[in-house]
2 protein chains.
Amino acid sequence: MKNKQVSEPTLRRLPGYLFFLRKIMDQGIVNISAPVIGRNLNCDATQVVKDLSVTGIKGRPRIGYDTYELIHDLEEFLGFNRTNEAFLIGAGNLGTALMAYQEHQSLGLKIVAAFDVDSNKIGKNIGGIYVLDYNRLFHLTGRLDVKIGILTTPNHVAQDVAEDLVNCGIKAIWNFTSATLEIPDNVIVQNTSMSSYAAVLLRRLSDSGQ
Amino acid sequence: MKNKQVSEPTLRRLPGYLFFLRKIMDQGIVNISAPVIGRNLNCDATQVVKDLSVTGIKGRPRIGYDTYELIHDLEEFLGFNRTNEAFLIGAGNLGTALMAYQEHQSLGLKIVAAFDVDSNKIGKNIGGIYVLDYNRLFHLTGRLDVKIGILTTPNHVAQDVAEDLVNCGIKAIWNFTSATLEIPDNVIVQNTSMSSYAAVLLRRLSDSGQ
DNA sequence: TAGATTGTTAATCGATTAACAATC
DNA sequence: TAGATTGTTAATCGATTAACAATC
């Protein structure tokens, strides 16, 4: 169960390789070396080699990696070629945005239903996904075996909803709120707060002399 | 111009402190210590002290920090209490999502206009923001002195648009695409690709034994 | 005063980068 | 064979954590 975990910086970079590889495969390039990848993605060739090695793929000295094989192995490793079903909780601005956002499919993510407490939102269909009454969450997790919960509620209810999700048997929460979730260690939490990025961007802008 | 740059991990954590502090200020708590903050945000007290020190705020032994002052200094430091105007390029799913997303205002970000090449989108008003013809971008940056560009185009045009933004005098690009942008060093790029987070989440889920 | 907390300096930890042997 | 590239092991770098003196 506990294979050596791949570091978060490495995991974050892997999709970047994947998108680049798809682009060059479209151009008919069948072999690609780490130095060339590095040059295109602004990073060290050694790091490319190390990052790619986590998938178990082998390259050939002098030639590099097989583009197609590398794409396949990365998709496999990241789970992008599977269908990972998810529930979305909170059909507000960000929630509906994510429902309409089609790219998730290329990440193997499929939002199978959204939930909200607002009766004005319940029953709506956004991007092919229905907004259901939040009270039905327990019922549906029991039937569908969905493992991922996407949390896009207001901050002040995030903790309560997260606890509900855990009680429903959800195994991973993609947290878009600014709240720090207190939940058991065996449930994976991926925090993705827009404010963190805005903070870095705005501060760097100040640093650069306005 | 070059004050010692605050590390990215620290900058990313600062908004978390801010949201927690606002919450407890609403509860009437006027002083807060690093150990208490750490306990609530699941991190080390020493790290809290170090992180907060970047704002220049001073705490008092035995008592802690002044909640109000801390909030103010963090907002100031991050630029959240200013109005940072931004253009958004690419009014697709993610783009319109970000336009409708109201929370930006609490980050001091204001999208003043969006641009697209699709005549079906041009002229629309989403969340109070007009979608303009991409060809007018040059004209408007010249007049408005906007420094931030939010990039939500398809991946394959990201590089071209980024170059246009640089030529328009944009100083910082918030890149939501999966493309690696090649632009001059003096322009700040903040990459925020959903796929990176999805990668971490899905892989951690696999690691945990499905 | 006693004790908790700040704030700084040192130690640890982990990720990135460099060095180099193996290999095609 | 010669030379470029992989892949591993060692060195470096930076962030986190620990230790501790200063302070209220």
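Naming convention: chains lettered A, B, ... in sequence-line order (proteins, then strands); numbering from 1 in each chain.
- Among the heavy atoms of the strands, none lies under 4.0 Å from B:Ala45.
- For A:Lys50, the side-chain atoms get nearest to C:dT16 when compared with the rest of C:dG7, C:dT5, C:dT16.
- Atom CD1 in A:Ile32 sits about 17 Å away from atom P in D:dA4, given to the nearest Å.
- Of all nucleotides present, only C:dA19 satisfies the Watson-Crick or G-U wobble test against D:dT8, with each distance under 3.5 Å.
- The side chain of B:Asp44 lies closest to D:dA18 when the candidates are D:dT6, C:dT17, D:dA18.
- Phosphate contact (OP1/OP2 of C:dT16, side-chain N/O of A:Arg13, threshold under 4.0 Å): present.
- Whole-Å rounding puts the A:Ile63 CD1 to D:dT6 P distance at 10 Å.
- Here the C1' atom of nucleotide C:dA15 and the CD atom of A:Gln5 are 15 Å apart, to the nearest Å.
- A salt bridge is absent between B:Asp26 and B:Lys23; no separation between the charged side-chain nitrogens and carboxylate oxygens falls under 4.0 Å.
- In this structure, CD1 on A:Ile57 lies 4.5 Å from CD on A:Glu69, to the nearest 0.5 angstrom.
- For D:dG7, one of the phosphate oxygens OP1 or OP2 lies less than 4.0 angstrom from a side-chain nitrogen or oxygen of A:Tyr65.
- The side chain of B:Arg62 places no N or O atom within less than 4.0 Å of a non-bridging phosphate oxygen (OP1 or OP2) of D:dA22.
- Within the shown strands, D:dG14 is the pairing partner of C:dC13 under the Watson-Crick or G-U definition, both distances less than 3.5 Å.
- Within 4.0 Å of B:Thr46, counting heavy atoms only, lies at least one base atom of the nucleic acid.
- Relative orientation of the A:His104 and A:Trp174 rings is perpendicular, given thresholds of 30° and 60° on the angle between their planes.
- Using a 4.0 Å heavy-atom distance criterion, A:Lys58 is classed as a sugar-phosphate-only contact.
- Just one residue in the list B:Leu52, B:Val30, B:Asn31, B:Leu21 forms a side chain to side chain contact (heavy atoms under 4.5 Å, CB included) with B:Tyr65, and that residue is B:Leu52.
- Counting non-hydrogen atoms of other residues, nucleotides and ligands closer than 6.0 Å to OH of A:Tyr68 gives a total of 12 or fewer.
- Distances from the side chain of A:Val49 to the nucleotides C:dA15, D:dG7, C:dT6 place D:dG7 closest.
- Remark: D:dC24 base-pairs with C:dG3; criterion is Watson-Crick or G-U wobble with both hydrogen-bond distances under 3.5 Å.
- Rounded to a whole Å, the CG atom of B:Asp51 is 17 Å from the C1' atom of C:dT5.
- Nearest-nucleotide positions on DNA chain C for A:Pro61 and B:Gly59 put B:Gly59 closer to the 5' end.
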